[in-house]
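I have placed the structure first, in the form of structure tokens, so that the comments after it can refer back to it.
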Amino acid sequence: MKCGLSLDVRDIDETTINIDPIQVGGRLTADAMKAVIAYGDGYSVCDNCRKPNRLDMIKSPPIDAFHRDLAAFVNMDEARVVPGARRAFQAVAGTYIEKGDPVLLTALSHYTEFLSVEAYGGVPLEIQKSSENIITADAAGEKIDSVKREYGRPPKLLYVDHFDYQFGNEHEVKGIIKVAKQNDIPVLYNGAYTVGIMPVDGRDLGADFVVGSAHKSMASPAPSGVIAVTKERAEEVFRTTKAQADLTKRTFGIKEVEMMGCTLMGVTLVGMMASFPHVRERVKHWDCHLSNGRMIVDALLAIDGTTVKSEYPRKHSLTRIDTTGSFDTVARTHKKRGFFLTSALKEKGIAGTIPGATKVWKFNTYGMTDAQARYTAKAFQDIALQNGLIVLR
Ligand SMILES: *Cc1c(COP(=O)(O)O)cnc(C)c1O
């Protein structure tokens with residue numbers, strides 16, 4: 001079956017158990033799929049846009065109420081939808097960073113955080129990770145001190161990922177935010193792997209900005225995301241236009257500069273909205289997703305020679321595993337080489353790993369049913385046994 005000339009139907013999430021780290025939290029709910037079909041046309045949410053003409057004020061569909069719900073969901077004062085977490089970074093960076101400003105990221109930060117700093121001429125500086133690949137409050141304090149010594153002023157901004165994309169490790173966000181506050185540094189909490197997956201309380205954490213990726217973690221179409229801020233920061237990041245055209249003398253109402261006026265005007269926004277009630281509910285069941293993930297990690301660790309690169313016990317469903325001493329020993333002599341694992345998994349209906357990877361690789365078990373988790377755990381061990389590896393316990 002084709003969608004037009006060159007687009008194959010994509011059915012990976014219908015026909016397989018997908019463990020792709022970046023995809024599992026973004027899969028649409030059935031309600032989002034319906035909304036996407038109904039609102040597929042461009043500017044579809046603008047049917048009932050009335051003065052003062054801003055996306056977050058549209059009452060039908062109830063986009064205004066959705067914005068309030070989003071802010072409440074992460075316990076912040078105001079929220080806006082954005083085309084991905086990266087555009088939220090960009091809005092914050094654009095508001096605060098001037099050329100030459102030192103900005104703190106971490107040794108595990110995502111590339112999009114670096115790009116947002118670069119875009120405004122900031123100097124990205126990393127907080128060191130510990131030998132266990134954790135960003136600690138102590139390390140943040142040390143880096144802040146060293147920046148103050150070198151630049152004669154504190155960093156302009158600090159970005160911190162609650163869980164990083166490389167290991168899925170939890171970092172000392174609350175402690176880091178506390179140290180930053182003592183130095184009057186505004187903090188961007190990056191919840192790309194938390195908002196929509198587990199409960200997030202931005203006020204309790206003390207964050208100035210809470211950023212989420214809706215296409216990664218809120219069962220939404222790409223590109224979509226959320227930025228939620230405190231009242232004080234809202235006036236800065238969501239400042240409205242002051243521009244006036246020289247010839248025509250036009251002004252542009254209450255359009256927000258960093259949002260380029262309006263952001264998500266169709267499928268992305270209605271997809272987020274339709275999934276939201278499900279997302280709000282599912283974060284309450286994070287512990288079940290976590291225990292399924294732990295069971296699968298333990299099943300892998302029972303394969304002799306396997307180790308886990310992520311912190312252990314696991315606190316997230318995204319895990320970096322090292323099978324150099326197990327699956328990779330099979331790959332060395334297998335006629336399919338490294339592809340034997342991808343291919344054996346595929347035969348068992350499991351997809352989403354990097355083709356050919358048998359050394360260090362990542363997977364995310366989020367969203368599985370208990371039965372799927374048990375099946376996946378057994379599938380890994382069956383593949384190991386079929387290839388002459390030893391399964392302990
Ligand atoms: C995925 C990811 C991003 C980028 O999110 P987008 O919504 O695609 O812009 C940023 N930071 C981290 C830690 C991520 O994992």
Side-chain angles (χ1 to χ4, degrees), residues 18-28 32 70 74 79-94 103-119 124 126-127 129 133-135 157-173 176-177 187-198 200 202 205 207 209-228 258-260 263-264 267-269 271-272 275-276 279 309-311 315-320 352 354 361-367:
N18 187 358
I19 55 173
D20 188 319
I22 64 174
Q23 291 185 335
V24 294
R27 289 174 294 195
L28 301 189
L70 269 181
V74 291
R80 297 290 183 270
V81 293
V82 286
R86 64 196 70 200
R87 294 293 176 178
F89 307 154
Q90 195 178 40
V92 174
V103 177
L104 282 197
L105 307 173
T106 80
L108 293 169
S109 286
H110 196 257
Y111 77 94
T112 53
E113 299 175 303
F114 280 87
L115 298 194
S116 71
V117 174
E118 183 178 354
E126 295 171 293
I127 300 168
K129 59 189 169 85
N133 297 308
I134 304 291
I135 311 294
L157 205 56
L158 184 152
Y159 294 55
V160 62
D161 304 1
H162 191 167
F163 286 84
D164 69 89
Y165 72 99
Q166 298 187 44
F167 296 92
N169 284 354
E170 183 172 29
H171 306 291
E172 295 179 7
V173 274
I176 294 167
I177 292 174
V187 179
L188 184 152
Y189 165 96
N190 180 357
Y193 273 113
T194 57
V195 176
I197 296 285
M198 64 181 83
V200 171
L205 292 167
F209 322 96
V210 170
V211 173
S213 174
H215 55 246
K216 187 178 265 158
S217 297
M218 298 175 77
S220 303
S224 59
V226 57
I227 174 169
E258 293 293 350
M259 299 296 117
M260 289 300 288
T263 53
L264 311 184
V267 278
T268 42
L269 176 55
M272 279 180 84
S275 278
F276 187 65
V279 166
K309 292 282 192 196
S310 304
E311 66 180 332
K315 295 179 187 169
H316 200 282
S317 56
L318 165 66
T319 295
R320 179 186 285 244
I354 293 176
W361 47 284
K362 296 190 291 186
F363 63 94
N364 193 341
T365 57
Y366 185 74

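Just so we're clear, the structure is a prediction, and the values are computed from it rather than from any experiment. The chain is numbered in sequence order, starting from 1. In listed order, ligands and their atoms are each counted from 1.
Between the side chain of Thr106 and the backbone N or O of Ile127, no donor-acceptor pair lies under 3.5 Å. No donor-acceptor distance shorter than 3.5 angstrom exists from the side chain of Ser213 to the backbone of Gly84, with no hydrogens or angles considered. Distance alone, capped at 3.5 Å, places no donor-acceptor pair between the His171 side chain and the Leu108 backbone.
Sorted by chain then number, the residues whose non-hydrogen atoms approach ligand 1 to under 4.0 Å are Gly84, Ala85, Arg86, Phe89, His110, Thr112, Asp161, Tyr165, Asn190, Ala192, Tyr193, Ser213, His215, Lys216.
Residues meeting the side-chain contact (heavy atoms from CB on, under 4.5 Å) test with Arg80, sequence neighbours left out: Arg54, Asp56, His67, Glu78, Ile227, Phe238, Glu256, Met259. In this view, Glu311 and Ile134, Asn169, Glu170, Arg314, Lys315 satisfy the side-chain contact (heavy atoms from CB on, under 4.5 Å) rule, not counting sequence neighbours.
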Which side-chain N or O atoms in residues 111-119 pair as donor and acceptor under 3.5 Å with protein atoms at least two apart or in another chain?
from, atom 1, to, atom 2, distance (Å)
Tyr111, OH, Arg86, NH1, 3.1
Thr112, OG1, His110, ND1, 2.7
Glu113, OE1, Ser109, OG, 3.4
Glu113, OE1, His110, N, 2.8
Glu113, OE2, Asn190, ND2, 3.0
Ser116, OG, Glu113, O, 2.8
Ser116, OG, Tyr159, OH, 2.8

